[in-house]
Trainee: 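Submitted below is the structure of interest, expressed as structure tokens.
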There are 2 protein chains.
Amino acid sequence: MYSATDPLSTTLSALADPTRRALLARLSEGEATVNQLAEPFDITLQAVSRHLKVLETAGLISRGREAQWRPCKLETARLQEVDGWLARYRMFWEGSFDKMGAYLEEITKGDQNGSKN
Amino acid sequence: MYSATDPLSTTLSALADPTRRALLARLSEGEATVNQLAEPFDITLQAVSRHLKVLETAGLISRGREAQWRPCKLETARLQEVDGWLARYRMFWEGSFDKMGAYLEEITKGDQNGSKN
DNA sequence: ACGTTGATCAACGAAAGTGTTGAATATGTA
DNA sequence: TACATATTCAACACTTTCGTTGATCAACGT
């Protein structure tokens with residue numbers, strides 16, 4: 001009954017947590033292991049590990065294997081999807097309502113399923 | 001312990017639901033009342049009303065008062081914040097890592113609080 | 001005043017999210 | 001082998017979210 005399973009919902013849900021966004025911010029500066037990532041936080045290592053699992057499930061990070069370490073790496077594809085989703089709304093604050101009309105026509109033709117996207 | 005309260009988390013959490021995104025998409029085409037907004041969905045009017053409350057609390061919509069109707073209107077400020085948050089990562093897929101370096105320097109100077117943003 | 005329409009509030013239950021502790025797994029080192 | 005390090009798994013508790021039903025509030029029309 002509950003909890004959306006579509007990719008965009010999964011992504012946004014993963015991003016809706018300050019700890020996870022901080023982890024991504026750290027990863028934007030380079031790869032890191034779980035322990036390195038956990039260091040700045042007051043929560044347990046296990047909790048951080050689970051946050052990373054959420055990010056991985058959402059496709060926001062990927063992980064390698066080097067001995068007992070599992071270095072995490074930022075993946076941008078899902079963030080690009082968020083960026084794409086925003087495009088529709090960006091036109092509002094950019095004031096180009098002509099583009100907006102064109103955009104609306106286009107998506108209702110190709111259809112992007114308004115109730116899922 | 002639970003549930004982040006910072007504005008960006010609230011916004012992303014509100015967006016992490018396909019029903020609520022569909023409501024925003026509908027509102028991007030113009031203002032609408034609760035009944036009009038609820039019409040395409042299989043859930044109860046009360047459920048839609050609560051989704052709208054979530055969107056309003058997040059600042060993603062505002063509401064007027066016209067007799068017994070409460071017309072909803074899209075507000076873009078919070079979406080712009082999401083857009084701003086994305087900027088840091090956009091540099092990755094745009095391949096301009098020089099800009100990235102400059103960006104990182106700038107934010108660690110002015111500080112944007114990595115653990116909250 | 002009365003009934004209708006638009007919308008919200010309140011109480012409930014099921015499911016999911018987040019943190020903790022303690023155990024388990026896997027790899028590297030002495 | 002034994003031990004330390006890195007990470008994950010499992011069980012538990014508490015909170016939050018989402019949908020439902022039933023009641024309530026507010027403004028309209030007759």
Side-chain angles (χ1 to χ4, degrees), chain A residues 1-24 26-27 31-58 60-73 115-116, chain B residues 1-24 26-27 31-58 60-73 115-116:
Chain A
M1 195 179 189
Y2 309 107
S3 194
T5 55
D6 64 285
L8 189 51
S9 294
T10 302
T11 300
L12 290 166
S13 174
L15 295 176
D17 181 288
T19 301
R20 287 194 290 262
R21 289 199 306 281
L23 290 169
L24 289 183
R26 166 64 186 77
L27 289 173
E31 302 192 14
T33 68
V34 180
N35 267 291
Q36 290 171 335
L37 289 166
E39 195 271 322
F41 300 100
D42 284 338
I43 58 179
T44 61
L45 186 67
Q46 289 95 319
V48 172
S49 180
R50 276 230 292 245
H51 278 302
L52 290 169
K53 181 146 206 167
V54 172
L55 291 171
E56 186 181 22
T57 300
L60 287 161
I61 66 172
S62 62
R63 348 196 41 170
R65 304 196 164 221
E66 284 175 39
Q68 68 252 239
W69 293 276
R70 239 136 287 187
C72 300
K73 185 174 158 250
S115 71
K116 303 268 157 162
Chain B
M1 198 179 190
Y2 309 106
S3 197
T5 54
D6 63 285
L8 189 52
S9 294
T10 303
T11 300
L12 290 166
S13 174
L15 295 176
D17 182 288
T19 302
R20 287 195 287 261
R21 288 199 305 280
L23 290 168
L24 289 184
R26 166 66 187 76
L27 289 174
E31 300 191 15
T33 67
V34 179
N35 268 289
Q36 291 171 335
L37 289 166
E39 196 271 323
F41 299 101
D42 285 338
I43 58 178
T44 60
L45 185 68
Q46 289 95 318
V48 174
S49 180
R50 277 231 289 243
H51 278 304
L52 291 169
K53 181 145 204 164
V54 172
L55 290 171
E56 187 182 20
T57 300
L60 286 160
I61 65 171
S62 62
R63 347 195 43 169
R65 307 200 162 215
E66 284 174 39
Q68 67 252 238
W69 294 277
R70 238 135 287 185
C72 300
K73 185 173 158 252
S115 72
K116 302 270 159 159

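Chain identifiers are assigned alphabetically (A, B, ...) following the order of the sequence lines, protein sequences preceding nucleic acid strands; residue numbering begins at 1 within each chain.
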Trainee: Whole-Å distance between D:dT21 C1' and B:Leu45 CG?
Mentor: 13 Å
Trainee: If only side-chain N and O atoms of A:His51 are considered, is one of them under 4.0 Å from the OP1 or OP2 phosphate oxygen of C:dG19?
Mentor: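 Yes, such a contact exists.
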Trainee: In whole angstrom, give the distance that lies between atom CD of A:Glu66 and atom C1' of C:dG28.
Mentor: 14 Å
Trainee: Taking OP1 and OP2 of D:dC9, is either one under 4.0 Å from a side-chain nitrogen or oxygen of A:Lys53?
Mentor: yes
Trainee: Output all residues satisfying side-chain contact (heavy atoms from CB on, under 4.5 Å) with A:Gln36, sequence neighbours left out; order by chain, then residue number.
Mentor: A:Ala32, A:Thr33
Trainee: Rounded to the nearest 0.5 Å, what's the gap from CG on B:Leu27 to CD on B:Glu31? Could you check?
Mentor: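 These two atoms lie 8.5 Å from each other.
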Trainee: With rounding to the nearest 0.5 Å, note down the distance linking CD1 in A:Ile61 to CZ in A:Arg70.
Mentor: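 Between A:Ile61 CD1 and A:Arg70 CZ, I get 12.5 Å after rounding to 0.5 Å.
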Trainee: To the nearest 0.5 Å, what is the distance between OG on A:Ser9 and CG on B:Leu15?
Mentor: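 Going from OG on A:Ser9 over to CG on B:Leu15, the span is 9.5 Å.
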Trainee: In terms of side-chain heavy atoms of B:Ile43, which of D:dG19, C:dA7, C:dG19 is nearest?
Mentor: D:dG19
Trainee: Without decimals, in angstroms, what is the distance between B:Phe41 CZ and D:dT20 C1'?
Mentor: 18 Å
Trainee: How many Å lie between CG on A:Asp17 and P on C:dA16, as a whole number?
Mentor: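 Spelled out: CG on A:Asp17 to P on C:dA16 is 18 Å.
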Trainee: Rounding to a whole Å, what distance do you find between B:Asp42:CG and D:dC18:P?
Mentor: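 Roughly 17 Å, once rounded to whole Å.
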Trainee: Please report, to 0.1 Å, the donor-acceptor pairs under 3.5 Å made by any side chain of residues 40-58 of chain B, with sequence neighbours excluded.
Mentor:
from, atom 1, to, atom 2, distance (Å)
B:Thr44, OG1, B:Ala47, N, 3.2
B:His51, ND1, B:Arg20, NH1, 3.1
B:Thr57, OG1, B:Lys53, O, 2.9

Trainee: SG of A:Cys72 to CG of A:Leu60: how many Å apart, nearest 0.5 Å?
Mentor: 12.0 Å
Trainee: Touch check for B:Arg63, heavy atoms < 4.0 angstrom, all strands: base, sugar-phosphate only, or nothing?
Mentor: sugar-phosphate
Trainee: Using whole Å, what does the distance between atom C1' of nucleotide D:dT7 and atom CD of A:Glu39 come to?
Mentor: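 The distance from CD of A:Glu39 to C1' of D:dT7 comes to 17 Å, rounded to the nearest Å.
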Trainee: Can you check whether A:Arg50 has a side-chain N or O nearer than 4.0 Å to OP1 or OP2 of C:dA16?
Mentor: no
Trainee: Distances under 3.5 Å only, N/O to N/O: pair up the protein atoms with those of nucleotides 22-26 of chain C.
Mentor:
from, atom 1, to, atom 2, distance (Å)
C:dG22, O6, A:Gln46, NE2, 2.7

Trainee: Could you tell me whether B:Arg20 contacts a base, only the sugar-phosphate backbone, or nothing, with contacts defined as non-hydrogen atoms closer than 4.0 Å?
Mentor: sugar-phosphate
Trainee: Considering every strand and a 4.0 Å limit on heavy-atom distances, what is the contact class for A:Ser13: base, sugar-phosphate, or nothing?
Mentor: nothing
Trainee: Once rounded to the nearest 0.5 Å, what's the spacing between atom CG of A:Leu12 and atom CG of A:Leu8?
Mentor: 4.5 Å
Trainee: Is the phosphate of D:dT8, meaning OP1 or OP2, less than 4.0 Å from a side-chain N or O of A:Ser49?
Mentor: yes
Trainee: Hey, could you give me the CZ/CG distance between B:Arg26 and B:Leu24, rounded to the nearest 0.5 Å?
Mentor: 12.0 Å
Trainee: Does B:Asn35 place a side-chain N or O at less than 4.0 Å from the phosphate oxygens OP1/OP2 of C:dT5?
Mentor: no
Trainee: Between B:Thr44 and D:dG19, is there a contact of a side-chain N or O with OP1 or OP2 at under 4.0 Å?
Mentor: no
Trainee: Measuring to OP1 and OP2 of D:dT17, would you say a side-chain N or O of B:Ser3 lies under 4.0 angstrom away?
Mentor: yes
Trainee: In whole Å, I'd like the distance from the CD atom of A:Gln36 to the C1' atom of D:dA6.
Mentor: 11 Å
Trainee: What is the distance, to the nearest angstrom, from the CG atom on B:Leu37 to the P atom on C:dA7?
Mentor: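 Rounded to the whole Å, the gap is 9 Å.
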